Number of protein chains: 2
Amino acid sequence: MKFKRSERLIDMTHYMLDRPHQLVPLTFFSERYGSAKSSISEDLTIIKETFEGRGVGTVQTVPGAAGGVKYIPKVNTEEAKAIVSELCEHMESSDRLLPGGYLFMTDLLGNPQLMKKVGKMLASAFAEKEIDVIMTVATKGIPIANAIASFLNVPVVIVRRDSRVTEGSTVSINYVSGSSKRIQSMVLSKRSLKEGSKVLVVDDFMKAGGTVNGMKNLLEEFSATLSGIGVLVESDTLDERLVDDYVSILKLSEVNERDKQISLTEGNYFQSGVTFLP
Amino acid sequence: MKFKRSERLIDMTHYMLDRPHQLVPLTFFSERYGSAKSSISEDLTIIKETFEGRGVGTVQTVPGAAGGVKYIPKVNTEEAKAIVSELCEHMESSDRLLPGGYLFMTDLLGNPQLMKKVGKMLASAFAEKEIDVIMTVATKGIPIANAIASFLNVPVVIVRRDSRVTEGSTVSINYVSGSSKRIQSMVLSKRSLKEGSKVLVVDDFMKAGGTVNGMKNLLEEFSATLSGIGVLVESDTLDERLVDDYVSILKLSEVNERDKQISLTEGNYFQSGVTFLP
């Protein structure tokens, strides 16, 4: 059965969007549609140009016998700036301010369209890094980790505060929370993380960085290595930070609990060496 | 600027896949591409046929001035059966058995490609229901809830076992766990759920149904109504169940802790009145 170009384009678009960062050999498509490789190549050129023009991402060609094509989700600068503005607008409403200078973000973390945007932005930032797995801490980091994972196409492991029967045997560490200086513990299921894994650590909110630092320590217990750190909001209200090499989308620059004033700006995203779509 | 049909098809495919269950007026596409509505209609026919033929879903046309098109993610029977087999195969390995007859599923819940399949299957089952929001309980229900949400395009609210400062004020209820008969509590942030919301309740594993039943009770506190219940695995090892109207993908039919034998079969998914793609 032969397929028309229009059907091929629709199906290839879906197939690639569904499998970001996965190498698809040209022969796979040419067999799927009973089409010549030259036609498939032409299709892929149109898809690549449309994806780039519309800010969807890019299509990378890997040459050679073991080659093929890969869809890499990427944002352009314009889209990234628009996402930052949209997030700032959502977050600056005064009723988000909670005791202790925390922000209520649960509704935003539960919004699938917003999380898609955040996930794509952070996946875009780490697209060139080698990443085997994304690590986050329960509960609020999970939607962000899942969103990034769907664009990087890698698994998520979830660190917990407490140990549960459904986790099997676990490894537990203690760490010092950066801002409150309290000793806390975190737990990871022993079989969640393979030795030597390259790990992207993500969280929703970073104050002094104690939690992120705890996850870094946990990596050592698993002989895993850190590939990067991504957070949605960093708080700029502290002098000392335990973590330095990270990417943040937003920065909480001012919190005035008495006047219920919150002020957010762009994070270090645009200064972190992210490559954007043209 | 005019667009060629090939570019339109690629961009429309991406646009619709990115916004399931959202009504898009034809005028939106005709303005986006500077094309006549008749051309857009032709494009949509090709997209609909390709989506249905490839098991991606369907494209619904809503007629009238306030009309447009909607992408509805749907599975066909063949795909759904294949997902069930794949999940069974993953789950039946004996080293998943944990003390108390629980199953280790953390790795599967962290696998984005598997979660996409589970999410699409359950979103497909509830595609015709009115759903404003998906509710689940931390931690293991979250990846499933996020996956379904990305196909139904509705927000997720997360019920917790404990109250945290970052949740703001909360509503707490006590419930009896069905299998262990212990009193437990669950907590939901007061501003997470609007009065009158129609809620899909989901979880990863259902034994007697105590947790799901607890979420049902919590809905009453918020004057919200239940639209459906979806679980990945139900356990068939109990006589009494607290919940009856639910959709399950898998059924844990036998657990032999001594011999470390686990046996899983199809859940009630195919008997639950789900409509499949032709």
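Note that the coordinates shown come from a computational prediction; the quantities given were computed from them, not determined experimentally. Worth knowing before you read on, the calculation uses all heavy atoms, side chains too, and leaves out hydrogens, waters and symmetry mates. In what follows, every chain begins at residue 1, and chains take the letters A, B, ... in the order their sequences are listed.
- Using a cutoff of 4.0 Å between basic side-chain nitrogens and carboxylate oxygens, B/Lys74 and B/Glu52 are not scored as salt-bridged.
- Of the possible donor and acceptor atoms, one in the side chain of A/Arg96 sits under 3.5 Å from a partner among the backbone N and O of A/His90.
- Heavy atoms of A/Ser189 lying under 4.5 Å from chain B belong exclusively to its side chain.
- Listed options B/Val154, B/Ile134, B/Leu114 were ranked by heavy-atom pairs under 4.5 angstrom with chain A; first place goes to B/Val154.
- Only the side chain of A/Leu98 comes within contact range of chain B, with heavy atoms under 4.5 Å apart.
- Residue B/Phe51 touches chain A through its side chain alone, counting heavy-atom pairs closer than 4.5 Å.
- Cation-pi geometry between B/Arg8 and B/Phe29 is not satisfied (NZ or CZ under 6.0 Å from the ring centre, within 45° of the ring normal).
- No option in B/Arg5, B/Lys48, B/Arg32 other than B/Arg5 meets the salt bridge (Lys or Arg N to Asp or Glu O under 4.0 Å) test with B/Asp43.
- Contacts of A/Glu49 with chain B are absent, with no heavy-atom separation under 4.5 Å from either backbone or side chain.
- Contact count versus chain A (heavy atoms, under 4.5 Å) is highest, among B/Leu17, B/Asn111, B/Ile158, for B/Leu17.
- Geometrically, A/Arg191 engages B/Phe104 in a cation-pi contact defined by less than 6.0 Å to the ring centre and at most 45° from the axis.
- Note: A/Ser6 leads A/Ser6, A/Ser150, A/Ser192 in heavy-atom pairs under 4.5 Å with chain B.
- Side chain of A/Lys116 to main chain of B/Asp18: a donor-acceptor pair is present (N/O by atom type, distance under 3.5 Å, no hydrogens or angles).
- At a 4.5 Å heavy-atom cutoff, A/Asp107 makes no contact with chain B through either its backbone or its side chain.
- When the candidates B/Leu109, B/Leu152, B/Asp95 are compared by the number of heavy-atom contacts under 4.5 Å with chain A, B/Asp95 comes out ahead.
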### Message
Checking B/Tyr15 against B/Phe28 for the ring pair (Phe, Tyr, Trp, His ring centres under 6.0 Å) test, could you report, in this order, the C-alpha distance in whole Å, the side-chain angles of both residues, the deciding distance, and whether it holds?
### Response
CA-CA 11 Å; B/Tyr15 193 92; B/Phe28 171 82; 4.9 Å; yes
